[in-house]
Every structure is written in C-alpha cells, then in structure tokens.
Amino acid sequence: MKFAILCAAVSLSFSLTAAEYSAADRALAIELLKADGTEQVLDQTFNSALTQMSPKDSDPARPVIERYLKKCFSFEVLKEDLATIYLDNYTVDELKGLIAFYRTPLGRKKAAADPRIGAATAKVTSLKIQENLPLLQRELQKALKK
C-alpha cells in the first residue's frame with residue numbers, strides 16, 4: 001500500500017510541471033528515453049517485480065498484480081513524467097546530442113550495459129554496507145554511552 005501511495009505521489013509531483021514544455025520538446029525527450037534503453041529497463045523492472053510478487057503463472061492474484069504493476073512501471077504510464085525529468089535536466093540541444101550518441105555503436109553498448117552496471121553497483125554497495133556494519137554498530141554504542 002505504501003508503494004502505491006509513493007507511486008501516486010511521485011507521478012502527481014511530476015505531472016504538475018508537465019505542461020511547461022512544448023509538445024516537440026516532450027517528443028524529443030521521449031525519443032531519448034527510447035534511445036537510451038529506459039523503455040527496456042522499465043520492462044525488465046516490471047517483469048522482475050511481477051516474478052517476485054507472483055512467481056507462478058497460475059497464481060490467481062497474478063492478473064491483479066500485473067495490472068497494478070503496469071500502472072507503476074509501464075513505459076506508457078511513466079514516459080511523460082520521465083520526459084519531464086529529462087527536460088528539467090537537459091537543453092533541447094543536449095537531448096539531440098544524447099540521442100545521436102545512443103544511436104552510435106558505443107551508445108547502444110552503453111544503453112545495454114547500464115542495467116548490468118547498475119545491478120553490479122548495487123551489489124558492491126550492499127556488500128560494503130554489510131562489511132562495515134559492525135564498525136557502525138561499535139561507533140554507535142560508543143556514542144550512546146557518552
């Protein structure tokens with residue numbers, strides 16, 4: 001339930017600023033979203049979440065969960081909000097340059113590698129947090145004794 005509320009709040013906050021950009025600028029930002037692999041990442045996120053929440057195709061709750069996740073993770077639902085994020089951070093010329101980059105072999109390779117790099121980064125970060133947790137606990141105990 002908290003996730004649904006968070007999803008709705010984030011969407012609302014982004015949609016409030018959505019009207020300030022022209023249709024042409026928004027189309028350009030959506031083109032970048034497609035070129036940089038965002039659409040594929042959202043598809044992977046959707047499929048991963050669906051499998052975690054409902055591992056069996058025969059699960060009677062699966063269609064309900066799938067409809068819910070489509071409202072939170074589908075490219076069609078998120079693309080306008082994500083376009084706004086891009087437009088808030090890049091000029092039109094920068095968007096055009098990024099699109100051109102993602103159409104090159106190196107750009108396509110980067111787009112394909114980004115999800116793997118993100119997952120590997122999360123794993124390394126998680127391991128570092130676990131490794132250093134005893135140190136944090138000791139330091140907190142010292143601080144609380146003072």
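Side-chain atoms are counted along with the backbone in the values below, which use heavy atoms only and exclude waters and symmetry mates.
Rounded to the nearest 0.5 angstrom, F73 CZ and L42 CG are separated by 8.5 Å. With rounding to the nearest 0.5 Å, the separation of CG in L82 from CD in E39 is 11.0 Å. Atom CG in N47 sits 8.5 Å away from atom CD in E66 (nearest 0.5 Å). Taking CZ of F75 as the start and CG of D43 as the end, the distance is 9.0 Å to the nearest 0.5 Å.
Contact of the L136 side chain with the N132 side chain is not registered, since no non-hydrogen atoms from C-beta on lie closer than 4.5 Å. Between L28 and L32 the shortest side-chain heavy-atom distance does not fall below 4.5 Å. In this structure the side chain of Q137 reaches within 4.5 angstrom of the side chain of L133, judged on heavy atoms. At a threshold of 4.5 Å between non-hydrogen side-chain atoms, the residues K109 and T104 do not count as touching.
Of the possible polar contacts, one joining the R116 side chain to the A112 backbone as a donor-acceptor pair under 3.5 Å is found. For R108 (side chain) and R103 (main-chain N/O), a donor-acceptor pair under 3.5 Å exists by modelled atom type. Remark: the backbone N or O of I117 is paired with a side-chain donor or acceptor of T121 at under 3.5 angstrom.
Taking each heavy atom of E80 and I30 in turn, the nearest pair found is OE2-CD1, 3.4 Å. When all heavy atoms of D25 and L87 are compared, the pair lying nearest together is O-CD2, 3.7 Å. Residue L33 comes nearest to A83 through the heavy atom pair CD1-N, 3.8 Å, listed as atom of the first residue, atom of the second, then distance. Of all the heavy atoms in V41 and P115, the pair that sits closest is CG2-CG, 3.5 Å. Taking both residues in full, the closest heavy atoms of G37 and A111 are given as N-CB, 4.3 Å, listed atom of the first, atom of the second, then distance. C72 approaches L78 most closely through the heavy-atom pair O-CD1, 3.2 Å.
The cluster map of Ile, Leu, Val, Met, Phe, Trp and Tyr, joined by side-chain heavy atoms under 4.5 Å apart, puts Y102 and Y90 in the same cluster. Cluster annotation: L50 and M53 are assigned to the same hydrophobic cluster (Ile/Leu/Val/Met/Phe/Trp/Tyr, side-chain heavy-atom contacts under 4.5 Å, transitive). Both L106 and L98 are members of a single hydrophobic cluster when ILVMFWY side chains are connected at heavy-atom separations under 4.5 Å. Residues F46 and Y68 fall within the same hydrophobic cluster, defined by Ile, Leu, Val, Met, Phe, Trp and Tyr side chains chained together at heavy-atom separations under 4.5 Å. Y21 and I85 fall within a single hydrophobic cluster, where Ile, Leu, Val, Met, Phe, Trp and Tyr side chains are chained together by heavy-atom contacts under 4.5 Å.
Other residues, nucleotides and ligands place more than 12 heavy atoms under 6.0 Å from the CZ atom of F101.
Counting only N and O atoms by type, the side chains of D36 and Y86 include a donor and acceptor under 3.5 Å apart.
Using a 4.0 Å cut-off between charged nitrogen and carboxylate oxygen, K34 and E31 do not count as a salt-bridge pair.
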